[in-house]
Number of protein chains: 2
Amino acid sequence: MSDTAPRPTLEAVAARAGVSRATASRVVNGGDGVREPLVARVRKAVDELGYVPNQAARSLVTRRHDAVAVVIAEPETRVFADPFFALQLRGISKELTAHDNQLVLLLIEGRDDHARVGRYLAGGHVDGALVFSLHLDDPLPGLIQHAGVPTVFGGRPGWSDGKGGPVYVDCDNRDGARTAVRHLVGLGRSRVAHITGPLDQTSAADRLDGFRDVMTDVDPRLIVESDFTPAGGEQAMRELLDRRPDLDAVFAANDLSAAGALRVLRERGRRVPEDVAVIGFDDVGPVAEQTDPPLTTVRQDIEEMGRLMARLLLGRLDHRGGGETAGNLVSTENLRIVGTGENSEGAPSGVVLPTTLVRRASA
Amino acid sequence: MSDTAPRPTLEAVAARAGVSRATASRVVNGGDGVREPLVARVRKAVDELGYVPNQAARSLVTRRHDAVAVVIAEPETRVFADPFFALQLRGISKELTAHDNQLVLLLIEGRDDHARVGRYLAGGHVDGALVFSLHLDDPLPGLIQHAGVPTVFGGRPGWSDGKGGPVYVDCDNRDGARTAVRHLVGLGRSRVAHITGPLDQTSAADRLDGFRDVMTDVDPRLIVESDFTPAGGEQAMRELLDRRPDLDAVFAANDLSAAGALRVLRERGRRVPEDVAVIGFDDVGPVAEQTDPPLTTVRQDIEEMGRLMARLLLGRLDHRGGGETAGNLVSTENLRIVGTGENSEGAPSGVVLPTTLVRRASA
DNA sequence: GCACGGGGAGAGAGCGCTCTGGCATCAGGA
DNA sequence: TCCTGATGCCAGAGCGCTCTCTCCCCGTGC
């Protein structure tokens, strides 16, 4: 059982088909420049022997791996409480498998993991990397740049690489926040509070900016920095109610913290949305639909963002295949392309997807 | 940027250290049989050049990949709504990285994906596989067995491979269910209902068995088959209330469906736990803690199960390293080992972890 | 009819590594 | 002193594949 029959080699296929190894290789890799009868013979031999190319041998010479690393930095345990990453992973996986690429998952839990991941990427095991949830002080971008691995970031990074900017995919956080807050204002609410995410992440900072765009001259006591978790949302909500018992709306920076806020509101006897209207951000199904009342929230197409990241990365890897640009990589309808053409391949440095407000019962 | 300096080879390291490639290789791989001064010189050269072994070249000759596939079969969209898999992934990732193994994630979404995964596993890209959430009719086990890849299953598979049984890790579903139901009975409830999971999965079937162990002669109308989702839980709860409006307790086969049931109960004006006591299963934090009221549930250490799966698999891969058995692979305290010694390596065919009841407010 | 060109196939070199012999070198016993 | 047996290192083969280079064969043009 542990010793299965040795796998057939290309040599064996060639012998069976009565051709040279080179011809067999050509057929296996697409069959250009080989005449039909030989192609058929080789194909037949491949099927009969159950030949599968040895990826290690192939990589050794081509220096390609057809594998992409997905790096998720997870300083806290947050990642896995939030379906957000799971959805992105799904989008990524779909796109990668559609292009015969493998997904190597690298989870960063502790400080030394950064070094490990850096070493892995530098080791040239993968052709590229998709990197998530960076904080501003994260050492990872430096390691990646040093490793020289083509990378696409999930969420706008808060720094520049001096070459036209890192390539990333994000949703329009600021505009989404504006839409949410405008909706609250349109409901006649004037004392709108904001529970932020960790402000060292651009998504949280951008949402705060959007909030401020609409709520100019807001009472600073109506803004509490939190951490995207339900528990953090609870705590922030308590603080807000203590500071400004008269608040009549809350915009939480994500659904998870909105769920925490809802619980505290109920606990304190505030009716939602009658007394306090609540809006979240993300629209991650299991959370937003299951709260009481169901959460009005800003929707971003998370899975699509994952898919887009993968597509963008694969496009960059294909530069040998000749100049793909954003235009044919991604359907440009409905999305904004930022900083086009600065970097060497003429690819966009950022792709920003629109958001939509999903009305449920909480606002 | 796309063309970085060529990575240093072992040859370069050897040259710099003034030794042969073979000696350099020995040092890189542990350094046995090389005298100290040479070891130091090689190490120094490695550091100075920033040498990282080329995994492809290494795999080509060793036939090892130091990579493990994690296969998640996800016929519905369920996987990603449920933090369950995320937690297992985390445990697996920790254990794998601790042993310098990579995690290749294979998601199965549609029917043809089975073939793709089967081909990948047969292609010898990974040393082993961890496989999840199999349904009884799943073609995957057959493909895996055919591919001859060492595999550990998450959750007891519902079939046998005729060699002492497939190796798996599971929690004691049946006993957990018994504990839950006994707790409800101990609370004075006599009309206990059960919302099952999909009964083609052993976890759901085992929990039902445990329910029946305690509720002998139960009214069949008190049992509704569901699907582990919140929406399914809602529907099941409605059906139960219609059939038996007098029910006074519900044991849901997982937390997600319990959350759905709670919502319906509230909607129908039943107080929890006063009118109806509710218990879930899994104790996945974000769900169980965030329901209203917080959910009493059966806890299984999901992350530890993941870790155990990885450890078990790595142990099986290490048979060349000389007969590891369950005893030193896993701490045997608190866990049950099933069907020991039937298969060739004397490894356990199943490892079953205990569950504990976590009391919160719902029962 | 002969030179020439182009396309299709094969031979062979290597990708970077591990690992098996085999050859020194040195210690210890006769 | 010579032989034996470790011990430590090197030389070289080869893992399975791709890809260039070369050769051959056939069709074409003058």
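Source: prediction; values computed, not measured. Letters A, B, ... are given to chains in the order of the sequence lines, protein chains preceding strands, and every chain is numbered from 1.
- One atom, CG of A/L10, and another, C1' of C/dC15, lie 16 Å apart when rounded to the nearest Å.
- Between A/S20 and the phosphate of C/dG10, there is a side-chain N or O to OP1/OP2 separation shorter than 4.0 Å.
- The NE2 atom of B/H65 sits 16 Å away from the P atom of C/dC17 (whole-angstrom rounding).
- Here the straight-line distance linking atom CE of B/M309 with atom OH of B/Y168 works out to 12.5 Å at 0.5 Å rounding.
- With A/P53 as the partner, the side-chain contact (heavy atoms from CB on, under 4.5 Å) test is satisfied by one option alone out of A/N29, A/V28, A/V46: A/V28.
- Atom CG of B/L60 and atom P of D/dA13 are 17 Å apart (whole Å).
- Ring orientation note: the planes of B/F85 and B/F132 are nearly perpendicular, at an angle over 60° on the 30°/60° scale.
- With rounding to whole Å, A/E11 atom CD is found 12 Å from C/dG12 atom P.
- Residue B/T23 places none of its side-chain N or O atoms closer than 4.0 Å to OP1 or OP2 of D/dC9.
- Taking only side-chain nitrogens and oxygens, A/T62 never comes nearer than 4.0 Å to OP1 or OP2 of D/dT18.
- Here CZ of A/R116 is found 6.5 Å from CG of A/L106. Values are rounded to the nearest 0.5 Å.
- Taking all atoms of both residues into account, the shortest heavy-atom contact from B/A56 to A/S59 is CB-CB, 3.8 Å.
- For the pair A/R63 and C/dG16, the criterion of a side-chain N or O lying under 4.0 Å from OP1 or OP2 is met.
- To the nearest angstrom, C1' of C/dG7 lies 13 Å from CG of A/D32.
- Between the CZ atom of A/R35 and the P atom of C/dG7 there is a distance of 12 Å, rounded to whole Å.
- Taking side-chain N and O atoms only, A/R26 has no distance below 4.0 Å to OP1 or OP2 of D/dC19.
- Counting to the nearest Å, the C1' atom of D/dC15 and the CZ atom of A/R7 are 12 Å from each other.
- Between B/V61 and B/V19, the residue anchored closer to the 5' end of DNA chain D is B/V19, taking for each the nucleotide with the nearest heavy atom.
- With the nearest nucleotide of DNA chain C identified for both B/N29 and A/R21, A/R21 has the one nearer the 5' end.
- Put simply, CZ on A/R58 is 16 Å from C1' on D/dC15, counting in whole angstrom units.
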